[in-house]
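Heads up, the thing below is written out as structure tokens.
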Amino acid sequence: MLALVGRRLLTVIPSGLIVTALLFFSVNGLIGSPAELMLGTDATLEAIAELNRQHGFDRPLITQYLEWMGKALTGDFGRSFTTHQTVAEAILPRLPVTLEIGIAAIVLATFAATTFSSVTSARVVVRPMATGLAIVGITLPNFIIGIGLIYLFSVELGWLPSIGWAPWRTGIINHLQHVLLPILTLSAYFYGVFTLVYQAEYDAVRRRLFVRVAKAKGLSERQVSFRHVLPNSILPVITYVGLSLGQLMGGAVVTESLFSIPGIGGLLVDSIVARDYPVMMAIGMIVVITVVVMNTAADIVYTIVNPQIRLD
Amino acid sequence: MNADIAVQEKLLEVDGLSATFRSNSVRALRDVSFRIDAGEVVALVGESGSGKSTTGLAIMGLLERGEASLSGSIRLVRKSGERAELVGLAENRMRSVRGNDVAMIFQEPMSSLDPIYSVGDQIAEAIAAHQDLPRARVEDEALRLLTIMAIPDPAKCFVSYPHQLSGGMRQRVMIAMALSCRPRLLVADEPTTALDVTIQAQIIDQLGILQRDAGMAVLFVTHDLGLAADLADRVLVMYAGQIVEAGPADQVFSRPTMPYTAGLMRSRPRIGAGRAAGGQIQPIPGGVPDLARLPTGCTFHPRCAHAVTGRCDVTLPALEPADGGRAVRCLRWREITP
């Protein structure tokens with residue numbers, strides 16, 4: 001299994017190459033060099049050419065890309081064109097913020113999707129509500145859900161702050177108050193997808209013979225549902241968790257800007273607008289690595305949930 | 001098997017039981033009545049789709065309310081001595097009956113066990129569902145049950161997952177699980193149909209021994225008349241959701257009265273009764289009728305060699321007492337019995 005995990009992790013290399021190349025060539029090829037943006041619209045052509053020469057933007061794109069790649073392999077991701085911080089300095093303080101709300105959103109979505117749809121008492125009420133919420137989560141764009149939550153919990157009820165960020169050191173309660181709405185906003189879409197995937201599997205598993213056997217033992221509906229049906233229905237949800245990292249990044253961009261949260265999402269938008277490709281591509285690499293790690297983790301969780309599955 | 005039991009204690013009494021599936025309004029059971037005495041082995045035989053399994057599920061209360069509606073009565077004498085009416089019993093009380101007073105084993109051992117828990121955990125769960133014992137005692141008990149079932153390495157089996165066991169082993173585990181709370185009635189729904197013949201014989205043997213030792217009654221659902229004849233004290237023959245013949249096993253099998261039972265007997269392959277002996281297999285023509293479109297009159301008349309137009313296709317025969325302590329559902333049984 002270790003060998004397999006190693007092989008999986010090696011896929012970071014080709015995926016990383018493709019993602020960074022796409023980011024680099026599409027942004028540079030479509031919109032132009034960073035120098036024009038750095039100097040503004042009234043800059044002289046000479047000044048732009050000078051800056052292009054300084055940074056090497058006048059060389060062929062392939063050369064620039066390979067140079068970036070060569071340095072990245074040694075751990076040197078360069079400096080941001082706009083803030084002149086090293087890329088690590090720009091990204092590292094923001095990374096935990098995005099990781100926190102991202103992971104919390106996925107965990108919350110998984111937990112809510114599997115729990116609500118497994119309820120057996122008052123099932124006739126809970127199930128349609130779970131499905132209805134799922135449809136809302138999938139169809140409504142993130143920012144509308146976020147605005148709706150702000151309106152309800154901040155404006156009308158006044159329970160939670162609307163926007164802004166409070167780090168852990170400002171107090172746990174204060175921190176949690178600030179992250180709750182962003183997490184709910186970000187998890188809505190995933191709750192929806194996970195719920196629909198889970199319900200389909202749950203209904204199929206319920207018809208399997210071992211569920212009838214579990215009932216025949218004299219277990220309660222709740223025990224049958226949570227001990228036998230739920231763990232046997234959760235595998236496709238785990239697959240989706242592994243696959244949802246791409247959308248999570250997209251959701252984080254919107255959610256972070258809506259709630260003014262200093263995370264990676266906001267940084268990615270800024271870097272794309274500024275053609276700040278060292279930052280942009282480093283974030284791309286982070287996403288690629290996370291997706292590969294998450295998918296490998298999902299495969300490992302499979303074997304824990306279902307002893308029949310062996311990785312080899 | 002228990003001819004020596006003089007006092008017949010009534011254990012289960014099914015009276016006028018009907019079941020209708022809600023999805024397609026099919027009446028899977030129509031006016032089914034029979035009784036099982038304590039310690040008695042009753043075989044329920046018939047073709048696929050005749051309502052055998054539905055009868056077993058109805059007794060277990062495993063036909064979900066949204067799935068089928070039941071009418072009639074199923075009365076069970078519980079371990080406590082209380083007589084409980086199982087039709088319409090509240091779910092929480094039914095739960096204390098299932099696995100405790102009545103247990104069930106199913107046709108497909110390959111899919112009867114939950115793939116994600118070890119065998120030991122699943123037996124322990126059955127024990128803990130009805131007995132308030134410390135975890136260590138529960139595990140000892142589970143291990144003891146595996147030993148009783150003649151499982152070669154019980155300790156290893158205990159920690160195994162279902163996919164690591166053969167079909168025969170899994171069915172042994174299922175039986176161990178079913179016996180865990182010492183039920184007074186075991187519903188065995190074709191427990192060996194999916195197994196190899198040699199394994200089948202071993203399991204049937206073991207089941208017989210356990211049944212006698214525990215004085216447990218068994219409702220043995222099967223389409224295998226040979227097995228039914230070997231095991232059962234009494235036989236119930238089902239056709240299209242009705243009981244068409246019932247009586248002591250030796251009587252029914254040596255001298256079937258209902259043409260359907262006779263037909264079943266003739267369609268059974270037997271060793272030593274080959275072509276030379278003139279004992280060819282004679283299948284019953286046609287197939288089990290569609291329960292949604294049952295024939296008028298006797299449901300068996302379209303396939304029956306003795307059917308008389310104007311009579312069998314008009315009048316639904318009642319289950320009437322016949323000689324030898326049996327009951328038969330046929331308008332012409334007096335005329336056609338040799």
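Below, chains carry the letters A, B, ... as their sequence lines are ordered, and counting in each starts from 1.
- Residue Ala103(B): no heavy atom, backbone or side chain, is found under 4.5 Å from chain A.
- Heavy-atom contacts from other residues, nucleotides or ligands closer than 6.0 Å to CZ of Phe34(B) number more than 12.
- Residue Leu10(A) places its CG atom among more than 12 non-hydrogen atoms of other residues, nucleotides or ligands, all under 6.0 Å distant.
- Heavy atoms from other residues, nucleotides or ligands lying under 6.0 Å from OH of Tyr202(A) number more than 12.
- For chain A, no part of Ser96(B) is nearby; none of its heavy atoms comes within less than 4.5 Å.
- The pair Arg212(A)-Glu67(B) meets the salt-bridge criterion, since a charged nitrogen lies less than 4.0 angstrom from a carboxylate oxygen.
- Heavy atoms of Leu113(B) lying under 4.5 Å from chain A belong exclusively to its backbone.
- Closest heavy-atom contact between Leu219(A) and Ala129(B): CD2-CB, 4.0 Å.
- Using a 4.5 Å cut-off between heavy atoms, Gln122(B) contacts chain A through both its backbone and its side chain.
- Judged by distance alone, with hydrogens and angles left aside, the side-chain atoms of Lys217(A) form no donor-acceptor pair with the main-chain N or O of Met177(B) at under 3.5 Å.
- Arg227(A) places a side-chain heavy atom less than 4.5 Å from the side chain of Glu125(B).
- When the candidates Met104(B), Glu108(B), Met94(B) are compared by the number of heavy-atom contacts under 4.5 Å with chain A, Glu108(B) comes out ahead.
- For NZ of Lys156(B), the number of neighbouring non-hydrogen atoms (other residues, nucleotides, ligands) closer than 6.0 Å is 12 at most.
- Only the side chain of Leu57(B) comes within contact range of chain A, judged by heavy atoms closer than 4.5 Å.
- Within a 6.0 Å sphere centred on CZ of Arg22(B), heavy atoms belonging to other residues, nucleotides or ligands number more than 12.
- By the 4.5 Å heavy-atom criterion applied to side chains, Ser220(A) and Arg95(B) are counted as neighbours.
- When all heavy atoms of Leu209(A) and Ser111(B) are compared, the pair lying nearest together is CB-O, 3.5 Å.
- The two residues Pro231(A) and Ile116(B) come nearest to each other via the heavy atoms CB-CD1, 3.0 Å.
- Atom-to-atom distance recorded for Glu91(B):CD and Thr120(A):OG1 is 9.5 Å, nearest 0.5 angstrom.
- The environment of CG in Leu157(A) is crowded: more than 12 heavy-atom neighbours from other residues, nucleotides or ligands sit within 6.0 Å.
- Enclosure of atom CZ in Arg144(B) by more than 12 non-hydrogen atoms of other residues, nucleotides or ligands within 6.0 angstrom is indicated.
- Around atom CG of Asp153(B), more than 12 heavy atoms belonging to other residues, nucleotides or ligands sit under 6.0 Å away.
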